[in-house]
Amino acid sequence: MLEQRYFRDDIKLAADLLKKRGYTLDTARINKLESTRKSIQVETQDLQSQRNKKSKLIGQEKSKGNNATELLAEVSSLGQALKEKETQLSDILNQLRTLSLNVPNIPHDSVPAGKDENDNQEIKKWGQPKKYSFDVLDHVDIGAQLGMLDFEVAAKIAGSRFSHMSGQLARLHRVLTQFMLDTHTSEHGYKEVYVPYIVNEKSLEGTGQLPKFEQDLFKLNTEQEYYLIPTAEVPVTNLVRDTILNGHEVPLKFTAHTPCFRSEAGSYGKDTRGMIRQHQFEKVELVQIVEPGKSYDALEELTGHAETILQKLELPYRVVSLCTGDLGFSAAKTYDLEAWLPAQKTYREISSCSNFESFQARRLQARWRPTEKGKPELVHTVNGSGLAVGRALVAIMENYQQESGAVAIPTILQPYMGGQKLIEPEV
RNA sequence: GGAGAGGUGGCAGAGUGGUCGAAUGCGGCGGUCUUGAAAACCGUUGAGGGUUUAUCCCCUCCCAGGGUUCGAAUCCCUGCCUCUCCGCCA
């Protein structure tokens, strides 16, 4: 959600800024709503004020033992008009709210202009893709050869876009999250949190998934409006919903490991092979709640924390700054980390780190008090994956594959795997 | 799942339908006193919004949403949450 002042004082500017990301703001409608809002609000408040005064007088008269028939008549005639105005006002406020909940964030100045992912800007590259003396396989074939990755049985149990792992591969998958969490808590200063995997509408509205992206979510068929989380960003960021933090509490740095559930509606035919795009996957998330002036530093820092994981795993990757056209709904700026996949001979997204500025905070009413006596201000929220565990596993399988069909274990993970250096096919 | 109790300001805790945005206590902030601090005393202390250059002024908010009423923190309905007891259970 954008600042109200954009709608009131500078709608032209807002429209121009949003144009950059290919969004057309309905300025005519907003202007109209805004001007009626203004007059109706003033009228409503005036009527309310009259009513309050007269009702108070009635009370005073009655306590003196007088009967205030005249006043009573005056006020009840106000009642009808007031009720009408109040309904009109709340109707307009609702319309404005719905409208603003559907307006995306404004891209930061530093975001490269562009239409789609082809215009994203590569910021840096790290590591050298290995040369292989044999024909590389993709993770699906590697997994099949190991006998530890099975999509058919997953399809039987659930359906398409699910996976089943077993043995050492399942262990490596688990160990990866362990390693990521340990790194972020002990080296990067994040506090580990455990959170619900099911959330209510309010939480999803707070982080921007609702009302616009309901079709991407799994909604539970229960009496209450429950959804499975699409990312830990939702429950973790909502920790600070409706709170005013003291100056010394900021920044907050949280990390959480959760499963993520995405309906992937509208991605038919995309990444149908393998575990790149699943309905259920694991992710270690990084979330920072920071003061407004520091959110861009925090974004750089947090992105670095995610990069650290890739570096420790010795996986070649690159950092890409998403262009205005490819930016997510809530983000003001996003870096994607893309790991090298030898089978696809390309870099694929494995983490996405974004600064939302005050966009989420405004929806969440997440604020802080800069000074003891000062007025509360909105915080900024920054988050990123650190990393997507399934995709990290894919990257390891493909980058560390051996001619024998085995997969080497990255040095950093070997202690977690009981000193084992290799995952070999089951006989 | 059954039975009961309750949700009020940073916290604790009052509140006969009529100056209640809310007593009181604690905490916080400012001051007096003190070499300094503590104690004591005095004052102050919620959030959002409208109008305004600003002050003033006004409106809304006592879990949420409806309703009754000239007037609701107080009465009625619905939902959510918390607590206690019983049952079941990882």
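Remember, predicted model here, so these are calculated numbers, not experimental data. First the proteins, then the strands, lettered A, B, ... as listed; each starts at 1.
Taking the C1' atoms as reference points, B:A40 lies 12 Å from B:U34, given to the whole Å. B:C62 and B:C20: their C1' atoms are spaced 10 Å apart (whole Å). Rounded to whole Å, the separation between the P atoms of B:G66 and B:G30 comes to 42 Å. Nucleotides B:U32 and B:G36 have their P atoms positioned 11 Å apart, rounded to a whole Å. For the C1' atoms, the distance linking B:U52 with B:C42 amounts to 34 Å, nearest Å. Rounded to whole Å, the separation between the P atoms of B:G7 and B:C11 comes to 15 Å. The separation of B:G9 from B:U74, taken at their P atoms, amounts to 14 Å, rounded to a whole angstrom. Of the C1' atoms belonging to B:G13 and B:G17, the separation is 22 Å, rounded to the nearest Å.
Looking at which nucleotide of RNA chain B each of A:Glu86 and A:Tyr226 is closest to, the 5′-most match is held by A:Glu86. Residue order along RNA chain B, read from the 5' end via each residue's closest nucleotide, puts A:Gln41 first among A:Lys53 and A:Gln41.
In this structure, A:Lys38 places its NZ atom 5 Å from P of B:U51, rounding to the nearest Å. Atoms CD (A:Gln88) and P (B:C59) sit 20 Å apart, rounded to a whole Å. The CD1-P distance, from A:Ile92 to B:C59, rounds to 21 Å in whole Å. The distance from atom CG of A:Leu47 to atom P of B:U60 is 11 Å, rounded to the nearest whole Å. Rounding to whole angstrom units, CZ of residue A:Arg241 and C1' of B:C63 are separated by 13 Å. In this structure, CD of A:Gln224 is placed 17 Å from P of B:U78, rounded to the nearest angstrom. Distance, A:Ile40 CD1 to B:G49 P: 20 Å, rounded to whole Å. Regarding A:Asp46, its CG atom lies at a distance of 15 Å from the C1' atom of B:U60, rounded to whole Å.
Across all strands shown, B:U16 forms no Watson-Crick or G-U wobble pair with both key distances under 3.5 Å. Shown here, B:G25 forms a base pair with B:C11; the pair counts as Watson-Crick or G-U wobble because both key distances fall under 3.5 Å. Pair assignment for B:C41 gives B:G31, based on Watson-Crick or G-U wobble hydrogen-bonding distances that are each under 3.5 Å. Using Watson-Crick or G-U wobble geometry with both donor-acceptor distances under 3.5 Å, B:U78 finds its partner in B:A64. Across all strands shown, B:C89 forms no Watson-Crick or G-U wobble pair with both key distances under 3.5 Å.
Side-chain contact, A:Gln224 with A:Thr222: no donor N or O sits under 3.5 Å from an acceptor N or O. For A:Ser330 and A:Asn105, the side-chain atoms include no donor-acceptor pair closer than 3.5 Å.
Screening A:Val284, A:Leu393, A:Thr258 for a side-chain contact (heavy atoms from CB on, under 4.5 Å) with A:Thr177, the sole residue that qualifies is A:Val284.
Using cut-offs of 30° and 60° on the angle between ring planes, the pair A:Phe162 and A:His279 is tilted.
Ring pair A:Tyr296/A:His380: centre-to-centre distance not below 6.0 Å.
Residues satisfying the side chain to side chain contact (heavy atoms under 4.5 Å, CB included) criterion with A:Gln168, sequence neighbours excluded, are A:Met148, A:Arg171, A:Met417, A:Gln420, A:Ile423. Residues passing the side chain to side chain donor-acceptor pair (under 3.5 Å) test with A:Glu285 are A:Lys283, sequence neighbours excluded. For A:Tyr268, the ring-ring contact (aromatic ring centres under 6.0 Å, His included) criterion is met by no residue, not counting sequence neighbours.
When the nucleotides B:U60, B:G49, B:C58 are ranked by their closest atom to the side chain of A:Ser49, B:C58 comes out on top.
A side-chain donor-acceptor contact under 3.5 Å links A:Asp138 to the backbone of A:Val140.
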Criterion side chain to side chain donor-acceptor pair (under 3.5 Å) on A:Gln178 and A:Asp182, from CA distance to verdict: CA-CA 6 Å; A:Gln178 206 86 337; A:Asp182 286 349; 5.7 Å; no
A:Arg348 and A:Glu398: salt bridge (charged side-chain N to carboxylate O under 4.0 Å, His left out), yes or no, with the steps? CA-CA 12 Å; A:Arg348 290 300 308 260; A:Glu398 295 197 7; over 6 Å; no
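Here A:Asn52 does not reach the OP1 or OP2 of B:U19: none of its side-chain N or O atoms lies under 4.0 Å away.
The pair A:Glu205-A:Lys202 does not meet the salt-bridge criterion, since no charged nitrogen lies less than 4.0 angstrom from a carboxylate oxygen.
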For nucleotides 46-48 of chain B, give me every protein contact, N/O to N/O, under 3.5 Å, one pair per line with atom names.
| residue | atom | partner | partner atom | Å |
| --- | --- | --- | --- | --- |
| B:A47 | OP1 | A:Arg369 | NH1 | 3.3 |
| B:A47 | O3' | A:Arg367 | NH1 | 3.0 |
| B:G48 | OP1 | A:Arg367 | NH1 | 2.9 |

Could you list, one pair per line, each protein nitrogen or oxygen that sits under 3.5 Å from a nitrogen or oxygen of nucleotides 68-71 of chain B, together with the distance?
| residue | atom | partner | partner atom | Å |
| --- | --- | --- | --- | --- |
| B:C70 | O2' | A:Ser55 | OG | 3.1 |
| B:G71 | O4' | A:Ser55 | OG | 3.3 |

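Residues from residues 204-212 of chain A with heavy atoms under 4.0 angstrom of RNA chain B: there are none.
Side-chain contact check for A:Tyr190 versus A:Gln288: some heavy-atom pair is nearer than 4.5 Å.
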